[in-house]
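Here is the structure we will look at, set down as structure tokens.
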Amino acid sequence: MNTKYQQPQYAIGVGEALWDVLPEGKKLGGAPANFAYHISQFGEKSIAVSALGKDKLAEETIAQLDDKGLKYVMPSVPYPTGTVQVTLDNEGVPTYDIRENVAWDNIPLTDEMLAAARNARAICWGSLAQRNVVSRNTIRQLVKATPSDCLRIFDINLRQTFYTKEIIQESLKLCNVLKINDEELVAIGRLYGYPGLDIQNKCWLILGKYDLDMLVLTCGINGSYVFTPGTMSFRETPKVNVADTVGAGDSFTAAFCAAVLKGQPVAEAHRLAVEVSAYVCTQNGAMPQLPPHLCTL
């Protein structure tokens, strides 16, 4: 085993590494790197796992990750580095045009990835990077390799039509924390046939059906919830001047996870996640540096 990973200590984000092409220019993004970067701001040792092409964008990706001091395992593969065309509406809410058959669709399983997974405190993944069988198999093997007490977060991130009922169900079986937004909850309700249930009852049903430790539901300006067996936390969304919401959900997940790993109560972890994601909404791009007062746990 790679001796770099001898203690259960890493928070891993695995999946898509890509560039968000925004109106003001391109910015490095992708949920795994966003998650890994933000959780590192709380003092967690983190790793972003993905794949890159052999092109100029790959070189720029490495340079930016190095500049941010972010550890990564991103092998080079013979596909282009991923890009996404991001269009913002008047409220700064993004829509995405995601290029297919790119490097992060073809993440190879490596010994270095497995060594990190076996010593992970947390691992976070979504549905998008599972659209191709190569990356899907790699992600599942990494999640299965994590210790039994690892925080396994399925941050569902439904995008366009890049998901299936089977992909979602397999990840629900592997995770112990589900992160989902209100629009995704509606989509899941349609897929699984939960008609007539309000959002809270859908969440209670999913929590119990998949024996989850936590279900985190974000509802945009309408607040957010955290469900655990027998308890529920709700927090309103702060009113802020929104620059864009790109990466806000990933920062929410990272802050929540960091607080839970440090033994904070769920309600306190929820409060921090709300404050952090609200701040990220006031900044351009997915990886702004957080102010010190938000990073103190």
Side-chain angles (χ1 to χ4, degrees), residues 2-5 9-22 24-86 96-117 119-120 122-126 128-132 134-135 138-139 141-142 155 157 159 244 246-247 250-251 253-254 280 283-290:
N2 191 321
T3 55
K4 282 200 295 183
Y5 309 115
Q9 56 184 332
Y10 284 95
I12 299 172
V14 55
E16 62 273 15
L18 48 82
W19 287 82
D20 291 317
V21 183
L22 294 147
E24 70 271 16
K26 71 180 190 296
K27 292 183 181 291
L28 182 61
N34 295 344
F35 170 82
Y37 174 68
H38 283 299
I39 201 168
S40 74
Q41 296 193 79
F42 295 93
E44 292 293 329
K45 295 181 179 179
S46 63
I47 302 176
V49 173
S50 189
L52 299 172
K54 300 175 181 179
D55 49 26
K56 190 172 189 304
L57 275 183
E59 295 172 5
E60 291 182 34
T61 302
I62 295 303
Q64 286 226 5
L65 294 174
D66 286 342
D67 184 60
K68 290 182 178 295
L70 187 58
K71 293 183 183 294
Y72 51 86
V73 181
M74 297 188 183
S76 294
V77 294
Y79 298 88
T81 299
T83 56
V84 177
Q85 192 72 39
V86 183
Y96 304 92
D97 182 14
I98 304 168
R99 187 174 177 185
E100 297 186 63
N101 202 28
V102 292
W104 58 260
D105 284 314
N106 298 277
I107 305 169
L109 184 65
T110 70
D111 289 342
E112 189 175 13
M113 292 176 190
L114 280 169
N119 291 281
I123 187 166
C124 183
W125 76 101
L128 177 58
Q130 297 186 69
R131 66 183 182 178
N132 181 283
V134 176
S135 292
T138 293
I139 289 168
Q141 291 305 310
L142 291 177
D155 191 350
N157 275 336
R159 295 285 184 263
D244 67 57
V246 179
D250 301 321
S251 71
T253 308
V280 170
Q283 307 297 302
N284 288 315
M287 295 190 203
Q289 184 170 349
L290 300 175

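Only a predicted model underlies this, so the values are computations on that prediction, with no experimental measurement involved.
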message: Determine whether a donor-acceptor pair (N or O, by modelled atom type, separation under 3.5 Å) exists between the side chain of Lys68 and the backbone of Met287.
response: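 Such a contact is found between Lys68 side chain and Met287 backbone.
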Is any side-chain heavy atom of [Y] closer than 4.5 Å to one of [X]?
{"X": "Asn132", "Y": "Trp104", "answer": "no"}
{"X": "Leu18", "Y": "Val102", "answer": "no"}
{"X": "Leu114", "Y": "Leu142", "answer": "yes"}
{"X": "Trp125", "Y": "Ile12", "answer": "no"}

task: Could you list the residues that satisfy salt bridge (charged side-chain N to carboxylate O under 4.0 Å, His left out) with Lys26, not counting sequence neighbours?
output: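 Partners of Lys26 under the salt bridge (charged side-chain N to carboxylate O under 4.0 Å, His left out) test: Glu60.
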- request: Name all residues meeting the salt bridge (charged side-chain N to carboxylate O under 4.0 Å, His left out) criterion together with Asp155; count only those two or more places apart in sequence or in a different chain, and write none if there are none.
  value: Lys179
field: Asp20-Tyr96 side chain donor-acceptor pair, cut-off 3.5 Å
entry: no
message: According to salt bridge (charged side-chain N to carboxylate O under 4.0 Å, His left out), does anything in residues 99-108 pair up with another residue at least two apart or in another chain? List the pairs.
response: Asp105-Arg131
- prompt: Can you list every salt bridge (charged side-chain N to carboxylate O under 4.0 Å, His left out) pair that touches residues 77-86, not counting sequence neighbours?
  reply: none
Name each donor-acceptor pair under 3.5 Å that joins a side chain in residues 41-53 to protein atoms two or more places apart or in another chain, with its distance.
{"unit_1": "Gln41", "atom_1": "OE1", "unit_2": "Leu290", "atom_2": "N", "d": "2.8"}
{"unit_1": "Gln41", "atom_1": "NE2", "unit_2": "His38", "atom_2": "ND1", "d": "3.2"}
{"unit_1": "Gln41", "atom_1": "NE2", "unit_2": "Pro288", "atom_2": "O", "d": "3.4"}
{"unit_1": "Glu44", "atom_1": "OE1", "unit_2": "Arg121", "atom_2": "NH1", "d": "2.8"}
{"unit_1": "Glu44", "atom_1": "OE2", "unit_2": "Arg121", "atom_2": "NH1", "d": "3.1"}
{"unit_1": "Glu44", "atom_1": "OE2", "unit_2": "Lys262", "atom_2": "NZ", "d": "2.9"}
{"unit_1": "Lys45", "atom_1": "NZ", "unit_2": "Gln9", "atom_2": "OE1", "d": "3.1"}
{"unit_1": "Ser46", "atom_1": "OG", "unit_2": "Ala36", "atom_2": "O", "d": "2.7"}
{"unit_1": "Ser50", "atom_1": "OG", "unit_2": "Gly15", "atom_2": "O", "d": "2.6"}
{"unit_1": "Ser50", "atom_1": "OG", "unit_2": "Ala17", "atom_2": "N", "d": "3.1"}

query: What pairs with Ala31 under side-chain contact (heavy atoms from CB on, under 4.5 Å), at least two apart in sequence or on another chain?
result: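 Ala31 satisfies side-chain contact (heavy atoms from CB on, under 4.5 Å) with Glu16, Asn157, Asp250 only.
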